[in-house]
Amino acid sequence: MPYTTHEIHKIEEKWQKIWQEKQVFKAPADPARKKYYVLEMFPYPSGKIHMGHVRNYTIADVIARVKMMQGYNVLHPMGYDAFGQPAENAAIKNKTDPAKWTYGCIDQMRAELKRMGFSYDWDRELATCDPQYYRWNQWIFLKMYERGLAYKKASPVNWCESCQTTLANEEVVNDACWRCKTPVVQKNLEQWYLKITHYAEPLLEDLKKLANWPSRVVAMQENWIGKSHGVNIFFTWKKTGERSERITVFTTRADTIFGATYVVLAPEHPLVEKLIAGTPDEKKIRAFIEKVAGESKSLRLTGDKKKEGIFTGQYAVNPVNGEEIPIWIADYVLMEYGTGAIMAVPTHDQRDFLFAKEHKLPMRIVIQDPANPAAKVSDLKAAYEGQGTLVNSKQFDGIDNEAAKKNIAEWMMQNKMGEVTVHWRLRDWLISRQRYWGTPIPIIYCKKCREEGRKWTLPVPEDKLPVELPKKIEITGRGGSPLTRSSEFLYAKCPQCGYDHATREFDTMATFIDSSWYFLRFCSPRNDKDVFDKKEAAYWMPVDQYIGGIEHAILHLLYSRFFTKFLKDLGLVNFDEPFVRLLTQGMVLKDGEVMSKSRGNTVDPDAIIERYGADSLRLAILFAAPPEDQLEWSDAGVDAAWKFLNRVWHLAQQRFVPGTREPSAENFDQQDKDLERERNAAIKKVTEDISQGYKFNTAVSSLMIFMNAVDKYAVPAGGGVKQALLNRAVRTVVLLLAPFTPHLCEELWEKVGGGEQSVVRAAWPACDEAALKQDSVQVVVQINGKLRGKFQVAADSSEEDVRKIALADAKIREFLAGKPVKRFVYVAGKVANIVL
RNA sequence: GGGCGGAUGGCGGAAUUGGUAGACGCGCAUGCCUUAGGAGCAUGUGGGGAAACUCAUAGAGGUUCAAGUCCUCUUCCGCCCACCA
């Protein structure tokens, strides 16, 4: 029977049907069994799956299937991250309902995933746009609100005047609206935040527990959280006739405090108003501040832009020496970080140096560069930011600057000139979106309560959840939050006073909320009583292996960690970290560039399946590169995979003879022993490659090596022991290959396995170490490190034996040319080096 | 500017963690076979050389009996962060 495209499709459909009907991948919690939770980052349902998905899910599927064969109770679920802008954009374009469009995409996507033969427990499928899912987003939000971890404050958003709407950062192209090209401005809106900073310390600390995460992901999170130790220094400022004000400046370089020659405030700094009111330059300064405020963030934060600033005419007193130094306002100081005010030390900070040069501000060297001890301010071409000894710093002169950081901080503490402090780069999480296709924020504002002096921002009572999205709202992409256009949605009864014209919050939640806890929901996806079943979660969680793209290294993974910590504080889970192991798969490239729709260089997985079948596609992707590396797509690779599967198919179809007895080792000849050694070597290598670092590419290659050996192994007519050995070899090939190409292997296992059960229920083969032993080994002989000969020696040869054999060899003697052997280095069973 | 990875044949990639560089596969070459197929099989395939040999893992040094692997410097590429005080 030929292994044709037609045959492949028939086989693949057959087994997909059987898996479904027999519920092969259904995974009920079973405390008697060891569990393993494999999860891939669920997709946004855009309709078609792309090669990135195929790679991600194929990697996960191999892991899941191997664990099944190794006897674990494996949870391997799939769902859809279904809220988000593309659905709204599609709705605008096609005049359809985002829900309809999304569910249509999900249907298409599910069909494609099934065609790939992934081992999902489809009964657990979920979509985040389902009210039975997002009601729990609302529930979690309310729990956070109760504990003061969800709060509202005004903050700037990107705003398009022409569309009358906010824009996500990704929708701002060259500082203009992506749709109408109107320049984007910053506008202050009241918005909801989640207080992730409450968990800054544990989020940083617990990174240490993530030993099985890629170190670069840990490093990125560390940077993002950004803990920095420093000192808040209290400068003072006094306007004639008024009492003095404090200007708190944050610095990590307290050692340079005696070199501070001016102070800079962010334009938004609260003290600015007082500083400039009634001064001669007030108008000019205000104009400058307005100009900076009008600039979009992306423009202002461009590193190479020239730093601009203006002198306030005021002076601040440096607490360590009483010196009066000018106060400036400049765009390079950010209100969001530190205290929004800095002390400038132009000699030892490059940004300050450039600014001081530009505006002719004074400089003073306070750290001596050991390479240039006589340097004068006038010689400086750049700030010296390295290590050195303090000068011009009074009692601290002569001290190493690293020690001085500590000494000066302590001295300032004692004299109340400053305080040791910690600053975090991590900001609270802005979750309000002026969008339709997201989770409504379950808050009601009551005008009546407000007028009557009561609390008027009120949480929706838990038993009134979910707050459902209204249907039939026209999405236009213009004019603010779409939910304001549904009066049915907007007006609600006040849960406090019963007033029936209270208004709902009309913003929706950021979609990252949805993905911050879905891994918990998978443990009990149909539970309608709780956010998730505590017992089920206790059994399945944490996720043993999480797999996804590096692009989620920061936000999604950080938010998930944050939610997990919060849910632990609620007493719902008993672990700190949701993902034990993380694998970040590399991108799929075509001709050296990332495959993407916008580049137009995509390869459609469906077309490959159509021609070669899912198994060939899976094998090609796994064989082409290690999972973490980039993968250069090649059609030839699929062809090669297809050829290899053909060989396996023909081997099982043509050379396997059913009904032979198990062979016994005493009648093995050398060929038999060699085959058994190859078989066990393959078992060992494939098992190790899969479990230690997921090296699927080399696992496949060792299977190919074994196949080559099996092909060469001759079975005489009549078979006997040799036929039995061959049969065993065929079974091993099928079992080892099964996680990679499941359809083909199920089909072959039905023939060679002799059972009714799916191959995922068959035991993963065990390696017989004794069969790996060889009677003789090859030893390489080098002279002065150069390869000069290879010898087959008995496996138990001693160093002395090898030395004798080597030195007796005619060719070796020729190279020695009678010179005395200075040293003889021997690495057992591998290499000998003769040093002359 | 900071952080983290990389650089090995015509190509994708191996290399037991310091011990035969180029496994496995693609491609290519020659041959065989045939129910001319998306074939299949056999042999070969880093460079130079007729060979003995020799050169070769981005480049330059170093450590070592032995370096793709460890150390120092340089070049190039990728990713992430970035006026973070």
Side-chain angles (χ1 to χ4, degrees), chain A residues 2 4-5 214-220 222-224 226 228 230-231 249-253 256 264 266 300-307 330-334 336-345 349-352 354-355 385 423-425 550-551 553-554 584 586-587 589 592 594 611-612 620 623-626 628-644 646-647 650 685 688 695 697-705 707-708 711 778-790 811 814 822-836:
Chain A
T4 61
T5 302
S215 55
R216 67 185 184 127
V217 174
V218 173
M220 281 189 218
E222 233 169 58
N223 273 329
W224 189 261
S228 86
V231 182
V249 152
F250 174 68
T251 182
T252 54
R253 293 295 308 271
T256 63
V264 192
R300 185 166 159 196
L301 297 185
T302 312
D304 33 291
K305 187 184 154 266
K306 203 154 123 197
K307 298 167 188 10
D331 58 357
Y332 78 100
V333 174
L334 308 172
E336 304 95 85
Y337 187 78
T339 57
I342 63 157
M343 63 170 197
V345 185
D349 181 291
Q350 185 60 17
R351 288 158 306 175
D352 296 344
L354 292 174
F355 191 81
E385 295 177 329
H423 273 281
W424 301 86
R425 217 195 70 109
I550 188 77
E551 68 273 19
I554 299 174
T584 49
M587 287 188 281
L589 313 184
V594 177
R611 192 164 149 79
Y612 295 92
F623 182 56
E628 307 224 51
D629 289 10
Q630 295 187 330
L631 184 152
E632 174 66 37
W633 175 260
S634 136
D635 287 326
V638 191
D639 214 64
W642 182 82
K643 272 187 199 168
F644 176 71
N646 242 300
R647 284 177 59 203
H650 284 115
K685 186 77 165 70
E688 283 178 359
K695 293 184 278 184
N697 55 332
T698 49
V700 172
S701 84
S702 51
L703 259 172
M704 288 171 167
I705 292 169
M707 259 306 282
N708 292 343
D711 268 351
Q778 184 185 256
V779 170
V780 171
V781 175
Q782 303 174 327
I783 294 174
N784 286 336
K786 281 201 190 308
L787 174 68
R788 293 303 183 203
K790 297 177 183 180
K811 204 174 140 196
E814 203 176 303
K822 226 159 89 184
R823 232 180 116 181
F824 187 87
V825 184
Y826 178 59
V827 181
K830 276 179 191 163
V831 66
N833 192 11
I834 301 168
V835 187
L836 298 182

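Chain letters run A, B, ... following the sequence lines, proteins first and then strands; every chain starts at 1.
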Search all heavy atoms of A:Arg647 against all heavy atoms of A:Asn708 and return the closest pair with its distance.
NH2-OD1, 2.9 Å
Would you indicate, yes or no, if B:A14 has its OP1 or OP2 atom less than 4.0 angstrom from a side-chain nitrogen or oxygen of A:Asn697?
yes
Across the strands shown, which category fits A:Lys822 at heavy-atom distances under 4.0 angstrom: base, sugar-phosphate, nothing?
nothing
Measure from the side chain of A:Leu334, starting at C-beta and using heavy atoms only, and say which of B:C80, B:C26, B:A85 lies closest.
B:A85
For nucleotides 52-56 of chain B, give me every protein contact, N/O to N/O, under 3.5 Å, one pair per line with atom names.
| residue | atom | partner | partner atom | Å |
| --- | --- | --- | --- | --- |
| B:U54 | OP1 | A:Arg788 | NH2 | 3.1 |
| B:U54 | OP2 | A:Arg788 | NH1 | 3.1 |

Return the minimal non-hydrogen interatomic distance between A:Ala641 and A:Ala620, and the atom names on each side.
CB-N, 3.8 Å
Under a 3.5 Å cut-off for both contacts, is B:C79 paired Watson-Crick or G-U wobble with anything, and if yes, with which nucleotide?
B:G3
Are any of A:Arg216's side-chain N or O atoms less than 4.0 Å away from OP1 or OP2 of B:C81?
no
Consider the side chain of A:Lys830, meaning its heavy atoms from C-beta on, and name the nucleotide among B:A85, B:G25, B:U16 that approaches it most closely.
B:U16
Which residue lies more 5' along RNA chain B, comparing A:Ser634 with A:Trp424 via nearest heavy atoms
A:Ser634
Give me the atom names and distance for the closest heavy-atom approach of A:Val835 to A:Asn784.
CA-OD1, 3.5 Å
Test item: A:Asp349 side-chain N/O and A:Ala344 main-chain N/O as donor-acceptor pair under 3.5 Å:
no
Does a nitrogen or oxygen in the side chain of A:Arg823 sit under 4.0 Å from OP1 or OP2 of B:C65?
yes
Which one, B:C81, B:G19, B:A85, comes nearest to the side chain of A:Tyr337?
B:A85
Tell me what A:Gln782 touches on the nucleic acid: a base, only sugar-phosphate, or nothing, going by heavy atoms under 4.0 Å.
base
Check whether any side-chain N or O of A:Asn708 sits under 4.0 Å from OP1 or OP2 of B:G25, and answer yes or no.
yes
Quick one: on RNA chain B, does A:Tyr612 or A:Gly785 contact a more 5' nucleotide (nearest heavy atom)?
A:Tyr612
